[in-house]
Amino acid sequence: MSCASCSGNIEQILAKLEGIVDVSVNLATEKAMIHYDPTVIKVAKMKQVIKDLGFEPLALTTFDAVDEDQLRKDKQVKSLWRKTLLAVVFCVPLFYVAMVPMLEMVGLGWLPLSVPQLIDPMENPLIHLWVQVVLTVPILVAGRDFYVKGFTALLKRRPNMDSLVALGTSAAVAYSLLNIWHVYQGHYHMVMYLFLETAGVIVTLILLGNTLEAISKRKTSEAIKKLMGLTPKTAMIIQNETEIEVPIHDVEIGDVVVVKPGEKIPVDGTIIKGNTAIDEAMLTGESMPVDKHVGDDVFAATINTNGMIQFTATKIGSETALAQIIKLVEAASGSKAPIAQIADVVTGYFVPVACFIAILAGVLWYIGTGNVELAMVVFISVLIIACPCALGLATPTALMVGTGKGAENGILIKSGVALESAYRLNTVVFDKTGTLTEGKPVVTDVILMNESRSADALLQLAASAETGSEHPLGVAIVNEAKEKGLSLFDVDTFEAMTGKGIKATVHGKRIFIGNQRFMEEQHIQLDAMQLSPSRDLATLGKTPMYVAVEGQLQGIIAVADVVKASSQKAVATLQQLGIEVAMLTGDNKQTAEAIAKQVGIDRVLADVLPGHKSEEIKRLQQAGQSVAMVGDGINDAPALVQADVGIAIGSGTDVAIESADIVLIRNDLMAVATAIKLSKKTISNIKQNLFWAFIYNMICIPVAAGVLHLFGGPLLNPMFAAAAMAFSSISVILNALRLKHFKA
């Protein structure tokens, strides 16, 4: 595809087919994303329609296959370079031969640029004429694709950029051939009115522009290529107790893979032997290696830094975490943001309108002046400068760079719609448990009621009693004792009282652990001084559990779901961006407000049942707010879908990740602010691109049509028109590439 008209034409024709639900054809990625009903239409039919339009549909490469798409693009760039060099070799002498006499003719021979003529056109008109013809033919051959594709599109009544170039240069060549005939009829002065050098220079400049554009477009997808190149090509597996090296695509699920220090993990799996630290920067953006032990998961393309490990392969090929990330990034960069719709509408009418303006302007100038050369210059200039390439590239190039940059920072943006929606956000709602907090309770305080035993002794006794408990609070007490290296006593009896606490016998002593109500039921009276610490702990969002031994209160153990290290900074950063932050939780208001106070959130939505979370989001939207929901659990999925932008923590459940528009691979809430900042930068870049693309055409087309010349100003030379057209496309891509400097 050469321009936005090409992608627009394919899109429009496919969309009209029965069975096609929606279709998006991306000029920058050269890919079509089609949602269709396979019972109504087959892929073969779609391919045939694309072929009938004059394009070649290619199969997408699989993740673990050779990157044929990349090889094809490299081949395309090399081919364009060869054609451009061929055109330049013949264009330079053509320009010299044709233009030096023109400088003399218009009285500019005194310029320092003035050099001796190789061939005097008035003394040797036929030689001068044939030298130009001989030099022009190879240039037109180098640019033959413009004519094949351009006239094919015209015949199908779907003109594109190639059609404009083909029409403009063909008109120049045709007019030159007419004047060559006049020369042979004895009108030798007509040798000065050839437009062959115009056609040659236009084709050369546009070939050069296309080459630079192709190179620049490759840079916009570097993030995806970088990800695809991360996976090693081979893996070391154990077969019959022997280590053998096999190609990566021969690894099967269940194989035992060996990875030595410094090597990359070839596939996803679970460690069965060894300990190490894994550098997961390519996956999460986190620079510090992560400690891994038996039972921990490892991911393809991450780097084993220091220990030898063996793991069982659980996901291979296109199922690995890396492959899924690449799919998401490709899908996002291939999608369209709503802001692109205006460009799509304009480009759909642009080329036919440009053709009409070119013909009208040429005819009017001829009628007004009777000067056919002037009319020809205007006609060619309008056709050449009116290319909608810049409009077509404005959105997809920025999206490709923006989503790729997000992936580099551990942020997966699933679509252009999500990116543009994030740009408009003014409210971010966080789930509490597992999002703002770590999601697993830990012991925060051990308060003694008397000095008969130490804090560690009380914790040891309580942990021994809780050994048989499955309640998260009990598990937290056991984990704390183990972390402190305290040995646990055998439990003689154990009984759990749902919603209250536990009874246990340890070392012949009766132990009770639970809330105030449970203590009172066990006839353990609590005075005001004993209740006071409990109230203080509750106001801090902690859950106090009384511990009694043989009917006497010994102390209080407080357990809390602690706030993540990044939560407070993430909230403050969002507030600095002018975004209101709220917290949504099923916890009671007192606990919720305590957590909210720690992280700096003023608006708290507490006591919300899981099924009602989406209703709270809807209520905010009805108040006119653009809302993002950040969550990690299954119960967050409806709210993630309801929100304008659903943001899932990558460590969360698969359901939450599937429901979200943006996925944060690492468990760091600062990435929420980064995602919003990136969306603002990307949409701003798209707006800049669209602005310059529109302004370029609004200014240049009237200038090419001779508006300035009406008032005694200059007339745009078709060669300058070709240079301006090529520069407009390249400038849009270069502007998009500025996003590569984005910092999280």
Side-chain angles (χ1 to χ4, degrees), residues 87 90-91 94-95 97-99 101-102 121 125-126 128-157 159-207 351-352 354-387 704-706 715-722 725:
F90 287 93
C91 184
L94 172 64
F95 188 79
V97 168
M99 294 306 292
M102 291 297 293
L126 295 180
H128 186 268
L129 177 156
W130 279 108
V131 167
Q132 287 196 55
V133 170
V134 168
L135 292 172
T136 303
V137 169
I139 301 173
L140 298 181
V141 170
R144 62 188 177 276
D145 284 349
F146 295 134
Y147 303 97
V148 174
K149 294 178 181 178
F151 286 121
T152 299
L154 267 178
L155 291 172
K156 295 180 183 299
R157 291 182 295 177
N160 57 18
M161 183 205 82
D162 293 330
S163 305
L164 297 177
V165 175
L167 277 173
T169 55
S170 294
V173 171
Y175 183 69
S176 299
L177 291 175
L178 177 63
N179 285 340
I180 288 172
W181 181 79
H182 283 306
V183 171
Y184 270 89
Q185 295 301 307
H187 304 288
Y188 296 121
H189 68 284
M190 295 304 288
V191 76
M192 300 302 294
Y193 298 97
L194 302 184
F195 278 84
L196 291 175
E197 85 287 346
T198 300
V201 172
I202 287 171
V203 169
T204 302
L205 284 172
I206 295 176
L207 276 173
V351 175
C355 291
F356 173 76
I357 293 172
I359 294 168
L360 180 64
V363 169
L364 289 176
W365 275 108
Y366 179 69
I367 293 171
T369 65
N371 188 334
V372 70
E373 288 80 18
L374 175 63
M376 187 62 65
V377 166
V378 169
F379 174 71
I380 296 170
S381 295
V382 173
L383 285 177
I384 297 304
I385 209 161
C387 170
L715 192 64
L716 185 66
N717 188 294
M719 290 182 278
F720 290 120
M725 187 270 279

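With rounding to the nearest 0.5 angstrom, the CG atom of N179 is 6.5 Å from the CD atom of E373. L374 CG to T369 OG1: the interatomic distance, rounded to the nearest 0.5 Å, is 4.5 Å. Distance check: F95 CZ to Q132 CD gives 11.5 Å after rounding to the nearest 0.5 Å. With rounding to the nearest 0.5 Å, the separation of CG in L205 from CZ in F720 is 10.0 Å. Here the CD1 atom belonging to I385 is positioned 13.5 Å from the CD1 atom belonging to I380, to the nearest 0.5 angstrom. From W130, atom CH2 reaches atom CD1 of I180 across 6.5 Å, with rounding to the nearest 0.5 Å.
Atom OH of Y184 is surrounded by more than 12 heavy atoms from other residues, nucleotides or ligands within 6.0 Å.
For T198, the side-chain contact (heavy atoms from CB on, under 4.5 Å) partners two or more places apart in sequence, or in a different chain, are F195, I202, P718. The side-chain contact (heavy atoms from CB on, under 4.5 Å) check on I357 picks up V353, V382, I701, with sequence neighbours excluded. Residues passing the side-chain contact (heavy atoms from CB on, under 4.5 Å) test with V134: none are found, sequence neighbours excluded.
Each of T136, L177, V201, V97 was evaluated against L196; a single residue qualifies, T136, per the side-chain contact (heavy atoms from CB on, under 4.5 Å) test.
Between L194 and V183 there is no side-chain heavy-atom pair separated by less than 4.5 Å. V372 places a side-chain heavy atom less than 4.5 Å from the side chain of Y175. At least one side-chain heavy atom of T169 sits less than 4.5 Å from a side-chain heavy atom of Y147. Contact check for T152 versus D162: no side-chain heavy atoms found under the 4.5 Å cut-off. Counting only heavy atoms from C-beta outward, the side chains of W181 and M190 never approach each other to under 4.5 Å.
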- Message: If you apply the rule side-chain contact (heavy atoms from CB on, under 4.5 Å), what do you find for V377 with W365, and how did you get there?
- Response: CA-CA 10 Å; V377 166; W365 275 108; over 6 Å; no
- Message: side-chain contact (heavy atoms from CB on, under 4.5 Å) for L167 and L154? Distances and angles first, verdict last.
- Response: CA-CA 10 Å; L167 277 173; L154 267 178; 3.8 Å; yes
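The backbone N or O of L716 lies less than 3.5 Å from a partner atom in the side chain of S381, making a donor-acceptor pair.
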